[in-house]
Amino acid sequence: MSEALQSLLDLLDLERIEEDIYRGRSRSAVVPRVFGGQVAAQAMVAAGRTVPEDRHAHSLHAYFLRPGDPGAPIVYNVDRLRDGRSFTTRRVVAVQHGKPIFTLSASFQTYEEGLDHQASMPPAPDPATLPTGEERLRSYPHLPADTVERFLETRAAVDLRYVDDPPYGDFGTPREPHSQVWFRTNGKLADDPLLHVVLATYVSDMTLLDSVLLAHGRGGWAVGDVVGASLDHAMWFHRPFRADEWLLYDQQSPSASGGRGLGQARIHTQDGRLAVSVVQEGVVRVPREH
């Protein structure tokens, strides 16, 4: 396991303060606020710790309410909304400086047999044939050196490989609002299913709004031609998967309007199983010229 992955796992390992109350710390991100994927992942850890081991996460729905302060701890309060025969529901409120910054509802289910079908996996090149994240980032001379280093630091725990240039790599001309990324953790993980859900939740917030930017030829927050933040985030976990094995994150944007952009995505295992569906809306604004 890489040192960066171990550091991330330590970050996600919350401190139990009291019954159903947990505390997490933060670290700096590419933008000067807590990375949304970190808050969502920590909230899933908090929810999962109050659920029996035989019940696995099947969905989460979250709202980002306020920017997180990376210099302050985050307290996660868990409400046990329902414990049914098949389903368990939890609500988590993340609090900083006395105010909620994030809310999450998560549902867990015992395993059962049922109808089974899935959308086909889209074509994509083998991840082994693609440049690493570091190779891509260092190939863009227009990116400031400090921006490249921040990207590399914040993504060091994950091997994330774009199929085509990301928005900040090739911008100025609109492209199809579609982006593909292969990802896996930089090291093996334990067999705990919740851990793999938590890591996928963490990574899912890294690139989902890329397709919004592509549609308008914008490079994004890395080059400063848009400002934005996540508003809400939803995930459905359809089938078991491992976050330490290659996953294809196929993303598209059906709409942008009113200063907001919508991203939709599917995550497939390398052997073609549909593992996760993801939807996110975010603020995407063009800076005003003075």
Side-chain angles (χ1 to χ4, degrees), residues 1-13 24-42 44 68 70 124 127-128 130-171 179-189 195-214 219-224 226 228-230 233 235 242-251 263 265 267 276 278 280 282:
M1 179 183 296
S2 69
E3 182 178 340
L5 179 56
Q6 184 60 59
S7 176
L8 175 58
L9 295 179
D10 292 343
L11 184 74
L12 299 177
D13 187 18
R25 55 190 175 87
S26 300
R27 63 182 182 189
S28 59
V30 177
V31 292
R33 58 177 178 266
V34 177
F35 170 51
Q38 175 204 304
V39 182
Q42 288 180 330
M44 281 300 290
L130 299 173
T132 66
E134 181 172 3
E135 288 169 344
R136 274 206 189 271
L137 279 165
R138 296 199 186 282
S139 72
Y140 302 132
H142 59 274
L143 290 182
D146 61 334
T147 298
V148 171
E149 294 307 317
R150 285 204 308 274
F151 261 110
L152 293 177
E153 179 182 358
T154 57
R155 296 183 174 182
V158 181
D159 189 346
L160 191 151
R161 304 188 184 197
Y162 279 87
V163 171
D164 296 307
D165 284 310
Y168 50 81
D170 180 15
F171 55 94
S179 177
Q180 289 184 323
V181 174
W182 285 100
F183 74 88
R184 65 179 178 185
T185 57
N186 271 321
K188 298 298 290 183
L189 299 171
L195 180 61
H196 294 266
V197 164
V198 166
L199 266 298
T201 300
Y202 179 85
V203 177
S204 69
D205 191 39
M206 287 183 173
T207 63
L208 188 48
L209 296 181
D210 281 358
S211 53
V212 177
L213 304 176
L214 293 175
W221 8 99
V223 298
V226 298
S230 301
H233 196 86
M235 302 179 74
R242 295 190 64 93
D244 54 6
E245 297 177 353
W246 284 118
L247 297 169
L248 177 65
Y249 199 11
D250 188 78
Q251 305 151 90
I267 299 177
V276 189
V278 192
Q280 182 182 81

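Quantities reported herein were computed from a predicted structural model and do not represent experimental measurements.
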Hey, are the side chains of [X] and [Y] touching, using non-hydrogen atoms and a 4.5 Å cut-off?
X: Arg25; Y: Asp13; answer: no
X: Leu195; Y: Leu9; answer: yes
X: Thr185; Y: Asp159; answer: no
X: Gln180; Y: Asp164; answer: no
X: Arg150; Y: Thr147; answer: yes
X: Tyr168; Y: Trp221; answer: no
X: Tyr162; Y: Arg136; answer: yes
X: Leu247; Y: Trp182; answer: no

Between [X] and [Y] (side chain of the first, backbone of the second, donor and acceptor by atom type, cut-off under 3.5 Å), is there such a pair?
X: Glu149; Y: Pro144; value: no
X: Arg242; Y: Leu189; value: yes
X: Gln38; Y: Phe35; value: no
X: Asp210; Y: Pro167; value: no

Could you pull out the closest heavy-atom pair between [X] and [Y], with the gap in Å?
X: Ala41; Y: Tyr202; value: CB-CB, 4.0 Å
X: Asn186; Y: Ser2; value: O-OG, 3.0 Å
X: Val34; Y: Ser26; value: CG2-OG, 3.6 Å
X: Ala157; Y: Leu8; value: CB-CD2, 3.8 Å
X: Met206; Y: Thr154; value: CE-O, 4.3 Å
X: Gly282; Y: Leu209; value: CA-CD1, 3.9 Å

Can you tell me how far apart [atom1] ([X]) and [atom2] ([Y]) are? Round to the nearest 0.5 Å.
X: Asp250; Y: Ser179; atom1: CG; atom2: OG; answer: 8.5 Å
X: Ser211; Y: Gln251; atom1: OG; atom2: CD; answer: 6.5 Å
X: Ile267; Y: Leu248; atom1: CD1; atom2: CG; answer: 9.0 Å
X: Leu160; Y: Thr207; atom1: CG; atom2: OG1; answer: 6.0 Å

Going by an N to O cut-off under 4.0 Å, is there a salt bridge joining Glu134 and Arg161?
no
Considering only NZ, NE, NH1 and NH2 on the basic side and carboxylate oxygens on the acidic side, decide whether Asp244 and Arg184 come within less than 4.0 Å.
no
So Val181 and Val163, side chain to side chain contact (heavy atoms under 4.5 Å, CB included) or not? Walk me through it.
CA-CA 6 Å; Val181 174; Val163 171; over 6 Å; no
Check the orientation of Tyr249 and Phe183. Use parallel for under 30°, tilted for 30 to 60°, and perpendicular for over 60°.
perpendicular
So, Asp205 versus Gln280: side-chain donor-acceptor pair below 3.5 Å or not?
yes
Judged by modelled atom types alone, do Asp165 and Tyr140 share a side-chain donor-acceptor pair under 3.5 Å?
yes
Check whether more than 12 heavy atoms from other residues, nucleotides or ligands sit under 6.0 Å from atom CD of Glu3, and answer yes or no.
no
